[in-house]
Every structure is written in structure tokens, then in C-alpha cells.
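First the structure, in the form of C-alpha cells, and then the observations on it.
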Amino acid sequence: MTAPDVSDEDFQQILAQTRHFVRAVVIPREQEILDHDRVPDELRDQAKKMGLFGYAIPQEWGGLGLNLVQDVEMGLELGYTSLALRSMFGTNNGIAGQVLVGYGTDEQKGRWLEPMAAGDCVASFALTEPGAGSNPAGLRTKAVSDNGDWVISGQKRFITNAPAANLFVVFARTRPADDQGPGIAVFLVPADADGVEVGAKDAKMGQEGAWTADVSFTDVRVEAGALVGGSEDIGYRAAMTSLARGRVHIAAIAVGAAQRALDESVAYAATATQGGTPIGDFQLVQAMLADQQAGVLAGRALVRDAAWLWVTEQDRRIAPSAAKLFCTEMAGKVADLAVQIHGGSGYMRGVPVERIYRDVRLLRLYEGTSEIQQLIIGSNLVKAAQR
């Protein structure tokens, strides 16, 4: 079992501080984040002081040391506001940071994890490519051994936090896939290395303030010590494990966003009137609220269960995919109902449910699309039966 570094009592204080930060400090500035497409520096600084850049990094490396059960509770709170806030430190705690935590050498951890936990280093997970998204087997970025160094060349796409990154956790092919494995390694590449070029910020449908961009690597030379774990065959396993863990976190974020959409819907239904009657008195509106509530409750129970199965090492394959599949699809439906309940005003910029509707759409795409989750769940169920 993955034990937390933080006691339940201490964690409740961390959770309460996070909730206060989200609801009292960040929510009043959601429109500002949207309008300027950036999280204000003072919010970033406050998140750093609170330890949010390293809450899932072990304490021995400067983090808070929360395990995935606690991480999920944080996700439920962080999903309640603009998803750009969580995205700011999401890669440090999640897909990028967990590669180092799980597979890095002591030297690699010592060099990178403490600045990441402090928020002085932003790490980006550079896996996705124009021809390799949810399935990394199509990876074309190459790393060639040269006089004891590695030379990396390739193109990455939709890389979260790339414009602000100090470190890229780069997946590259060192050989074609063979009987020994997929031939995918993972490297630690400083963002200021020669040959690293970050493209313009992507213009996205939603999640304003959460920056993504293309990153190109042109004959980027790194030392042998940049190879994560010192092994060429760690990359694929590190990617799959990190993504699976991340899917539980994304599921929690989705539930948090759905809870916010539900709360906005209930508040609107209780006060907005048609013909002098609050719309919440109409049974068809109540039915929509009921569907939202049922989805949120089911999602919260499922993601908590998936996190428990992860930390107890009972299921690290099917449950993470099932949680992500259900919770992200559920959040989309709840957000859609929220817009419907708000009527025309729900389609207007500046109304929270309009932003939520756009924000949650991405959750069904990144860290493995819903369809990929279906394939993982289905194939693993069949394999288990065949064994």
C-alpha cells in the first residue's frame, strides 16, 4: 500500500486551506483568468506558499507527500474553479512529477524534485505527437546514443505548461519496438537546452489560463544522466503508470467541476423566475437537477474507490480508466444540463456554467480519450477471463 506522509488530521487542515483558497480567493478572480488567459502572479505565489506545486511529491524531496486517496480529495476541491489553477501545478504533481518519483534515480530526484515541489521548476510531460496521442506506440521522436550522450530530435504537440516549463520529461524512441519491448525511453531535458523550441500558445476552446504549445527538439544533446532510471526500457512503463495514476486525478477534477455546475444550477433554479414562479418549482427542471446530483454522487464514489484500489495495489488498470471514463463523460452531461437550466443566460460569456461547459470538454480527450479508456477496460476484462 502507498502510505501517505501526512496524517488524516493534518490532511484535513490542508484540505480546508485548499477549499478556502479556491472558494474565497480564486473564484472571485475566475473572470480575470478567463479575460487575460493567465493565472495572476499573486495566485501562483500563494499556491507556491501553500505547497500546491508539490503536494503529491514525497516529503523527502520537499513535497507534502499526499497519496492518491488524498490527491483525489484535493482534486475534488481544485476542480470547483477555473481548471487553469490546477493545470499550473498539475504536471509537477501528476504525469511529469510521478515519472521522476516512480522511476528516477536518486541523483535525478535530488536535482529536480525539490525545485518542482517548491514551485521554482515547472515540469512538462512531453509525450503527445502529431501522430501519437492516446497510444504512445506510434511515437516518432528519436534519441540516438552519441559518445556517451543522447541526441534527441522530434516534435511534440499540445504539451501542457510548455510555455512556462523549466524541464521537459521527454519520451523518445531509442530503437524500433522488438521482442525486448517498445523501445521507448524517457529523458529529462532542460527547457533552455540548445535545440529546444517552444511554439506559440495554443488557442483552445476553453481552459483559458491553462497553457499548451507545440515543442520541437532539434538535435538536442543531453548527458547520459538525463536518461530516467538509467534504462532505455523504462519509458513506456513510466508513461503508462503515470497516465493511469493521472486518470484517477482527472476523474476527481471532473467531479469537482460537475459539483460546481450543479451548485450553480440549484442556485439559479431557486431564484430565477418564469411567470413569477421560481423555475426550480417546475418538475422538468427538478428532473434535470436530479440527474445532475445522481451523476455527481456516483462519480465521487467511483473516483474515491478507484483511488483506494490504486494505493492498495488491487487495481491499477481497469479502475483508473473506468473512473476517468465515467466521471469525465458525467461532467460533460452535468455541464450541458447546467446550461439548459440557465436557459439563454447559460450561453452567455461571463456566466460560470458557460465556462464550465467549455472547460470540461477537454477532460474527455487528454490523458487518454474516452474511447481509449473503453479499450483498456474491455481488453483487460477479457484478458483476465482468459487467464
Side-chain angles (χ1 to χ4, degrees), residues 6 9-57 62-66 70-94 97 115-122 160-161 163-164 204 206-212 249-250 252-268 296 300 331 334-335 338 349-360 362-363:
V6 176
E9 186 179 347
D10 288 343
F11 177 63
Q12 289 309 315
Q13 291 187 347
I14 292 168
L15 199 60
Q17 288 175 352
T18 303
R19 173 181 279 241
H20 175 79
F21 177 54
V22 164
R23 301 193 182 214
V25 181
V26 182
I27 284 178
R29 303 189 72 174
E30 286 174 341
Q31 191 62 39
E32 182 184 346
I33 293 169
L34 195 159
D35 291 342
H36 296 285
D37 188 23
R38 67 173 291 128
V39 176
D41 290 341
E42 54 270 33
L43 293 187
R44 173 181 285 272
D45 290 343
Q46 193 165 340
K48 283 170 72 170
K49 286 174 187 166
M50 290 171 65
L52 292 177
F53 276 82
Y55 67 75
I57 292 172
L64 295 181
L66 305 187
Q70 295 168 330
D71 184 315
V72 156
E73 299 304 317
M74 295 287 280
L76 293 171
E77 298 299 333
L78 295 167
Y80 200 78
T81 187
S82 166
L83 298 189
L85 176 78
R86 188 234 40 127
S87 188
M88 217 176 29
F89 43 76
T91 47
N92 275 24
N93 289 295
M116 284 168 59
D120 297 329
C121 171
V122 173
T160 300
N161 286 331
K204 306 190 301 298
Q207 296 206 16
E208 291 87 356
W211 295 348
T212 65
H249 174 78
I250 294 299
I253 294 295
V255 176
Q259 181 70 62
R260 174 71 182 285
L262 168 61
D263 291 350
E264 294 285 343
S265 300
V266 171
Y268 186 82
V296 170
R300 187 180 295 120
V334 168
R349 287 291 170 106
V351 176
V353 297
E354 184 273 340
R355 175 188 56 76
I356 295 166
Y357 181 84
R358 290 182 296 107
D359 278 0
V360 299
L362 183 56
L363 301 180

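- Judged by distance alone, the side chain of Gln70 and the main-chain N or O of Val6 form a donor-acceptor pair under 3.5 Å.
- Between Leu362 atom CG and Leu83 atom CG the span is 8.5 Å, to the nearest 0.5 Å.
- At least one side-chain heavy atom of Phe21 sits less than 4.5 Å from a side-chain heavy atom of Leu43.
- Counting only heavy atoms from C-beta outward, the side chains of Asp120 and Phe53 never approach each other to under 4.5 Å.
- Across all their heavy atoms, Val296 and Val255 have their closest contact at O-CG1, 4.0 Å.
- Proximity of Val26 to Ile33: side-chain heavy atoms (C-beta onward) are separated by under 4.5 Å at one or more points.
- Asp35 contributes atom CG, which lies 11.5 Å from atom CD of Glu30 (distance to the nearest 0.5 angstrom).
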Test Leu64 against Phe11 for side-chain contact (heavy atoms from CB on, under 4.5 Å), laying out the working first.
CA-CA 10 Å; Leu64 295 181; Phe11 177 63; over 6 Å; no
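- Side chains of Arg300 and Leu76 form a contact here, defined as non-hydrogen atoms less than 4.5 Å apart.
- Taking 4.5 Å as the limit, every side-chain heavy atom of Arg38 sits out of range of all side-chain heavy atoms of Arg44.
- Atoms CZ and CZ, from Arg355 and Arg260 in turn, are 5.5 Å apart once rounded to the nearest 0.5 Å.
- Between Val353 and Ala338 the shortest heavy-atom distance is CG1-CB, 3.8 Å.
- Proximity of Ile27 to Tyr80: side-chain heavy atoms (C-beta onward) are separated by under 4.5 Å at one or more points.
- For the residue pair Ala335 and Ala261, the shortest heavy atom distance occurs at CA-CB, 4.4 Å.
- Here Glu354 contributes atom CD and Asp359 contributes atom CG; the two are 9.0 Å apart, rounded to the nearest 0.5 Å.
- Residues that satisfy the side chain to side chain donor-acceptor pair (under 3.5 Å) test with Glu208, not counting sequence neighbours, are Arg358.
- Looking at Arg29 and Glu42, a side-chain N of the basic residue comes within less than 4.0 Å of a carboxylate O on the acidic one, giving a salt bridge.
- Nearest heavy atom pair, residue Ala257 against residue Val360, reads CB-CG1, 3.7 Å.
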Just distance, no hydrogens or angles: give the donor-acceptor pairs under 3.5 Å from side chains in residues 84-93, sequence neighbours left out.
{"residue": "Arg86", "atom": "NH1", "partner": "His249", "partner atom": "NE2", "Å": "3.3"}
{"residue": "Thr91", "atom": "OG1", "partner": "Ala123", "partner atom": "O", "Å": "2.7"}
{"residue": "Thr91", "atom": "OG1", "partner": "Asn161", "partner atom": "ND2", "Å": "2.9"}
{"residue": "Asn92", "atom": "OD1", "partner": "Ala123", "partner atom": "N", "Å": "2.8"}
{"residue": "Asn92", "atom": "ND2", "partner": "Met116", "partner atom": "O", "Å": "2.9"}
{"residue": "Asn92", "atom": "ND2", "partner": "Cys121", "partner atom": "O", "Å": "2.8"}
{"residue": "Asn93", "atom": "OD1", "partner": "Tyr55", "partner atom": "N", "Å": "2.7"}
{"residue": "Asn93", "atom": "OD1", "partner": "Ala56", "partner atom": "N", "Å": "2.8"}
{"residue": "Asn93", "atom": "ND2", "partner": "Leu52", "partner atom": "O", "Å": "2.8"}
{"residue": "Asn93", "atom": "ND2", "partner": "Phe89", "partner atom": "O", "Å": "3.0"}

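- To the nearest 0.5 Å, the span separating CD on Gln17 from NE2 on His20 amounts to 9.5 Å.
- Side-chain contact between Leu15 and Met74 is present, with heavy atoms from C-beta onward closer than 4.5 Å.
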Assess whether side-chain contact (heavy atoms from CB on, under 4.5 Å) is satisfied between Gln207 and Leu363, documenting all intermediate values.
CA-CA 10 Å; Gln207 296 206 16; Leu363 301 180; 4.1 Å; yes
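- How far CZ of Arg19 is from CD of Gln12: 10.5 Å, rounded to the nearest 0.5 Å.
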